[in-house]
Participant: 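Before we start, here is the structure in question, set down as structure tokens.
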Amino acid sequence: MSTTQELHDLPAQYDPGQTERAIYERWVEAGVFAADEKRSSRNGGDREPFVVIMPPPNVTAVLHMGHGLNNTVQDVIVRWRRMAGDETLWVPGTDHAGIATQNIVEKQLAAEGKTKFDLGREAFVARTVAFVEETGGEILRQLRAIGASADWNRTAYTFSPELSRAVREAFVQLHERGLIYRGHRVIHWCPRCLTSLSDEEAQHGEEVGSLYHIAYRIVGAKDHSSVVVATTRPETLLGDVAVAVHPDDERYKKLIGRSVMLPIANIEIPVIADEYVDPAFGTGVVKITPAHDPNDFEVGMRHQLPMPVIMSPDGTMGNGADAGSRVPPDLLGIDRFEARERIVRSLENSKQLEKIEAHQHSIRHCYRCDTVVEPRLSDQWFVKMEPLAKPALEAVRVGTIRILPERWEAVYVNWLENIRDWNISRQLWWGHRIPVWYCDKCSKQIVSRTDVVACESCGGPVRQDEDVLDTWFSSWLFPISTLGWPDKSAAPLVAFYPTDDLVTAPEILFFWVSRMIMAGYAFMDAPPFHTVYLHGTVRDMNHVKMSKSLGNGIDPLDVVNSYGADALRYTVVAGMGMGADLMLDHRDLERSFAPGRNFATKLWNIGRFLLANVGTSPVRSVDELRVDELTLADRWILGRLNATIVESDAALGPPRPTKGKWRREERYAGLRLSEFAEAARRFVWNDVADWYLETTKGRIGAGSADSEVARAVLTHVFDHALRLLHPIMPFITETLWQRLPFPVAAERGEFLATAPWPIAQSSSRSETSALAGFDILREAVSAIRQIRSDYGIAPGKSIEAFVQSRSNAALFADHARLIGQLSRSTVTIGSAGSDAAAAHSVLSDGSEIIIPLGGVVDIAKECGKLRGELDQLETQLEALSKRLRNEGFVSRAPAPVVESERKKEEEWIKRRGQLAAKVKALCGG
RNA sequence: GGGCGAGUAGCUCAGUUGGUUAGAGCGCCUGCCUUACACGCAGGAUGUCGGGGGUUCGAGUCCCUCCUCGCCCACCA
């Protein structure tokens, strides 16, 4: 007899490091991940297309657990659909990430003691291009390590020539439709990044600040009286052009039309009336600073007030447009926060500071550098959003698009209903230059798809707009631009648009997801996808979001190196409820990823058992096995397989909506990936490994007809388990599947990755009676095991068990040997036939298991132990009952405590009965 | 200020339309290196299902209310 090792070439321990890379290479070489336009049914092909567009990571990003989670989810879905027979495409790509990338290069320059201005625009952009070429795209290579099955031939980049063309086309088209305009208004300005930001890029943060009450003297008042305004930003008072009160506010009615003296700047400004003022807040008097506050800007427009800018782009005080010399010389060039303090001190000195109140309010911060943003009057390009939002809103409302988990749909709808115009120009150097040219001679403005060299009207010299577009103005086109838009007849676009699922984090629902939906309707007149799957965030054990800067991150590549990509993937998928955050311990990777690693090992060992026992010669096809050849266990496991396939399909749900719209009953039912993972795990571990595999021991090597049946069924069952698990654990399942013996006549594909997804079948082989019958046998085995454990019967000690049954006598008789094998006992059907001490257990069908204990356990010793236990229980029970009957206890204790104590009493009484019976049986009267 | 979500075993979470004894993984306890697997096997313990009230024959599940966390949105200076 040869050893296990010689029967097959599987090492005792699974070593992912050795196998994963090689398997990945083979997949790529064989073109497993490549999608073919011609096979798409939309192009006359024979397969339904299934498409996922990868949320492009920043081109300079390094893989972190967030990417790991995001791309694992996508890969599970994509691999599932590929096996299910769809023409499956997963488009990978990166984002040039305007501000983020520019900031990195600026930091590098700073380290060299330089600024971008030392280089100049052209050289700076060239340097950034070089930096991106050198470091960029590394993250996509890293994604291969976790098994991402993207079509790398189609890797996109938001700043590539093709996608840049799409960006220009989108801009020009929207401009032609009157949806892009130049706006003069107050926008969010980051004084550190020196650029304007969209509303979404200026993120709220609650802070406790101060509300300063400042007295403005009333001009011409005999008693030197004043009005008091309340402000959180005293430095902006230099830009005040009025103070406003509510028109109906009796306190101030008589002041309307008069003037007050603006402190520090010493300018007379009018008192105006405007509905915008809330008389109940602060003093009911508001300083109006149109150039530095969006509300004040509106007031300024209504009252046709001047709009002086009193701050420089870098956040220092400075006299800008229309400011004259409002900022006094000693404040010029002083940072806004320092200026605030100086102005407050100065007001204190002049007795114009009435008081300072603590005040909680929210302040907006730059989403890239966290600097407090400054509202600032400037000229920017805007997209008119309301017309674009309309179809996007409708799509979710009617179910053309679903968002999972469901609760995000309300958030989405709420945002779109209150949508505001999108500031798309950025005062950066890294990005798509705005395709607008201005003629120096006739000041004509030219918006063009192609570069303009001379004015189309007068032939004069032109210069292009200095600004670049918001990064999101290129990524919102990703689903269409990566497939060939603006060429609407491009083969990929025809074959693969609309796409199917979009998988991302809720943080970019507004930045990206909703805008993609708008772009889809605006440029293709069709939604970009039908499903938005929003997953949670990866956090540490303290629920703090993982991040490099906090040092609480996990490098997915560390996990891959230590435990394998499959362990990472399984852990992530199984541990993450729909939309729920994922907690991982960065200080204990072994514990964090134990679920995945342990399960991979389990699979490996089942594989080893199978190869050692089934061997490699072809097996019979399960389809040709006759029912009368199958054992009860065979039929049971085939039934369990069927049930598992059904459960898995239910958890994954329908891949696409029927007739273009999600029906209510299926809309929120699918993509429950953790339930899918759990169903598959339960089948493999609790059914196949714990029970079925054990039943084949002893019959599989017998060389009989029955052993051929066992070989066939075990192989079939494991083959299908591997198929189910492949989307989650692609590497180990492929490795094992490659070595599986196959049915003689079966056509075996080259890869599990493209093997057909299991299909549940209604078959007499797996009827429910087999399930029920085998479950009773399992109960019997468990009962015997429990008794063995209860009485401390050594595993090596053979014992005899009797089964008494009326309803299932034949079943037990037929499977006495099997029960014995699984419980390490000799099982006899019928009465124990003596009054000797015995352990009893009743099964759910009324059958009784009896195990005589004489000669197996030391009766005297066991009796002593049991009596001791019974005595202790009696004492405890007595005390408890006494306490419960005691009035004081009942009245003092809270009702639930009393309730639980009563429950406990009941339980103890029950246990006392059981123990007493046990003592009586074992020790006699 | 508006909206949403969560609170179930020590930890992370499942618990579909209310229905038998509330589950899983990790951790814990006991016994086992039983020739696929100690990254394992067998057995076991642990739950005022956030508090209170209500509807119901029956509620972790529905309604009201309170408490505690978290998220999103927001132009009250």
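The figures that follow rest on heavy atoms only: side chains count, while hydrogens, waters and symmetry mates do not. Convention: sequence-line order gives letters A, B, ...; per-chain numbering from 1.
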Participant: Take atom P in U17(B) and the same atom in C11(B), then report the distance between them in whole Å.
Facilitator: 27 Å
Participant: So which nucleotide from C72(B), C26(B), G43(B) ends up closest to the side chain of Ser789(A)?
Facilitator: G43(B)
Participant: Could you tell me how far A36(B) sits from U30(B) if I compare only their P atoms? Round to whole Å.
Facilitator: 28 Å
Participant: Between Phe599(A) (CZ) and G40(B) (C1'), how many Å, whole number?
Facilitator: 15 Å
Participant: Measuring from His365(A):NE2 to Leu197(A):CG, what's the distance to the nearest 0.5 Å?
Facilitator: 12.5 Å
Participant: Tell me whether the OP1 or OP2 atom of C41(B) has a side-chain N or O from Lys602(A) closer than 4.0 Å.
Facilitator: yes
Participant: Expressed as a whole number of Å, how far does the P atom of U20(B) sit from that of C33(B)?
Facilitator: 41 Å
Participant: Considering every strand and a 4.0 Å limit on heavy-atom distances, what is the contact class for Arg682(A): base, sugar-phosphate, or nothing?
Facilitator: nothing
Participant: Do we get Arg608(A) above Tyr14(A)'s six-membered ring, with its NZ or CZ under 6.0 Å from the centre and within 45° of the axis?
Facilitator: no
Participant: Between Asn605(A) and Ala580(A), which has a closest nucleotide on RNA chain B that is more 5'?
Facilitator: Ala580(A)
Participant: Supply the atom-to-atom distance Ser841(A) OG to Gln786(A) CD, rounded to the nearest 0.5 angstrom.
Facilitator: 6.5 Å
Participant: Where do Arg302(A) and Asp274(A) land on the salt bridge (Lys or Arg N to Asp or Glu O under 4.0 Å) test, with the steps shown first?
Facilitator: CA-CA 9 Å; Arg302(A) 281 198 285 278; Asp274(A) 197 285; 3.0 Å; yes
Participant: Is any side-chain nitrogen or oxygen of Trp685(A) closer than 4.0 Å to OP1 or OP2 of C41(B)?
Facilitator: yes
Participant: Run the side-chain hydrogen bond (donor to acceptor under 3.5 Å, both in side chains) test against Glu409(A) and tell me which residues pass, sequence neighbours left out.
Facilitator: Arg667(A), Tyr668(A)
Participant: Distance check needed: G23(B) P versus Glu675(A) CD, whole Å only.
Facilitator: 17 Å
Participant: From CG of Asn686(A) over to P of G43(B), roughly how many Å is that when rounded to an integer?
Facilitator: 11 Å
Participant: Show me the dot-bracket string of RNA chain B, counting Watson-Crick or G-U pairs under 3.5 Å, with | for pairs to another strand and [ ] for crossing ones.
Facilitator: (((((((..((((.....[...)))).(((((.......))))).....(((((..]....))))))))))))....
Participant: Between G60(B) and G43(B), how far apart are the two C1' atoms, rounded to whole Å?
Facilitator: 29 Å
Participant: May I ask you to check whether Glu206(A) and Gln360(A) show a side-chain donor-acceptor distance below 3.5 Å?
Facilitator: yes
Participant: Establish whether the base of C39(B) is bridged to the side chain of Glu590(A) by a donor-acceptor pair shorter than 3.5 Å.
Facilitator: no
Participant: From the set C73(B), A36(B), A24(B), return the single nucleotide nearest to any side-chain atom of Ala689(A).
Facilitator: A36(B)
Participant: Could you say whether Arg407(A) or Met541(A) is positioned toward the 5' end of RNA chain B, judged by the nucleotide with the nearest heavy atom to each?
Facilitator: Arg407(A)
Participant: Any side-chain N or O of Gln786(A) under 4.0 Å from OP1/OP2 of G44(B)?
Facilitator: yes
Participant: For the CD1 atom of Ile214(A) and the CG atom of Leu347(A), what is their distance to the nearest 0.5 Å?
Facilitator: 5.0 Å
Participant: Strictly distance-based, threshold 3.5 Å: is any side-chain N or O of His303(A) a donor or acceptor partner for the main-chain N or O of Leu305(A)?
Facilitator: no
Participant: Expressed in angstrom and rounded to an integer, what is the separation of Leu611(A) atom CG from C37(B) atom P?
Facilitator: 14 Å
Participant: Would you mind telling me which of C72(B), A14(B), A36(B) lies closest to the side-chain atoms of Ile606(A)?
Facilitator: A36(B)
Participant: Between atom CZ in Arg608(A) and atom P in A36(B), what is the gap in whole Å?
Facilitator: 9 Å
Participant: Do the ring planes of Tyr563(A) and Phe593(A) sit parallel (below 30°), tilted (30 to 60°) or perpendicular (above 60°)?
Facilitator: parallel
Participant: Asn598(A) has a side chain; which of C73(B), C39(B), C11(B) sits nearest to it?
Facilitator: C39(B)
Participant: On a whole-Å scale, what distance lies between the C1' atoms belonging to C29(B) and G50(B)?
Facilitator: 29 Å
Participant: Suppose you measure atom P in A74(B) against the same atom in G15(B); what distance do you get, rounded to whole Å?
Facilitator: 31 Å
Participant: Would you kindly give the CG-to-C1' distance between Asp581(A) and G7(B), to the nearest whole Å?
Facilitator: 15 Å
Participant: Where do N or O atoms of nucleotides 74-77 of chain B meet protein N or O atoms at under 3.5 Å, pair by pair?
Facilitator:
from	atom 1	to	atom 2	distance (Å)
A74(B)	N6	Glu206(A)	OE2	3.3
C75(B)	OP1	Arg420(A)	NH1	2.6
C75(B)	OP1	Arg420(A)	NH2	2.8
C75(B)	OP2	Arg364(A)	NH2	2.6
C75(B)	O2'	Asn295(A)	OD1	3.4
C75(B)	O2'	Asn295(A)	ND2	2.1
C75(B)	N1	Asn295(A)	OD1	3.2
C75(B)	O2	Asn295(A)	OD1	2.5
C76(B)	O2	Asp278(A)	OD2	2.9
C76(B)	N3	Asp278(A)	OD2	3.2
A77(B)	O2'	Ala230(A)	O	3.4
A77(B)	N6	Asp278(A)	O	2.6
A77(B)	N6	Phe281(A)	O	2.8
A77(B)	N1	Asp278(A)	N	3.2

Participant: For Tyr791(A) and A42(B), what is the distance between atoms OH and P respectively, to the nearest whole Å?
Facilitator: 22 Å
Participant: With a 4.0 Å cutoff (strictly under), does any side-chain N or O of Lys697(A) reach OP1 or OP2 of U35(B)?
Facilitator: no
Participant: How long is the line joining CZ of Arg681(A) and C1' of C26(B), in whole Å?
Facilitator: 12 Å
Participant: If you apply the rule salt bridge (Lys or Arg N to Asp or Glu O under 4.0 Å), what do you find for Arg597(A) with Asp566(A), and how did you get there?
Facilitator: CA-CA 8 Å; Arg597(A) 184 198 56 172; Asp566(A) 292 326; over 6 Å; no
Participant: Among A42(B), G10(B), A36(B), which nucleotide has an atom closest to any side-chain atom of Arg591(A)?
Facilitator: G10(B)
Participant: Is the positively charged end of Arg785(A) above the ring of Trp691(A), judged by distance under 6.0 angstrom from the centroid and angle within 45° of the axis?
Facilitator: yes
Participant: Quote, to the nearest angstrom, the P distance that separates A42(B) from A24(B).
Facilitator: 13 Å
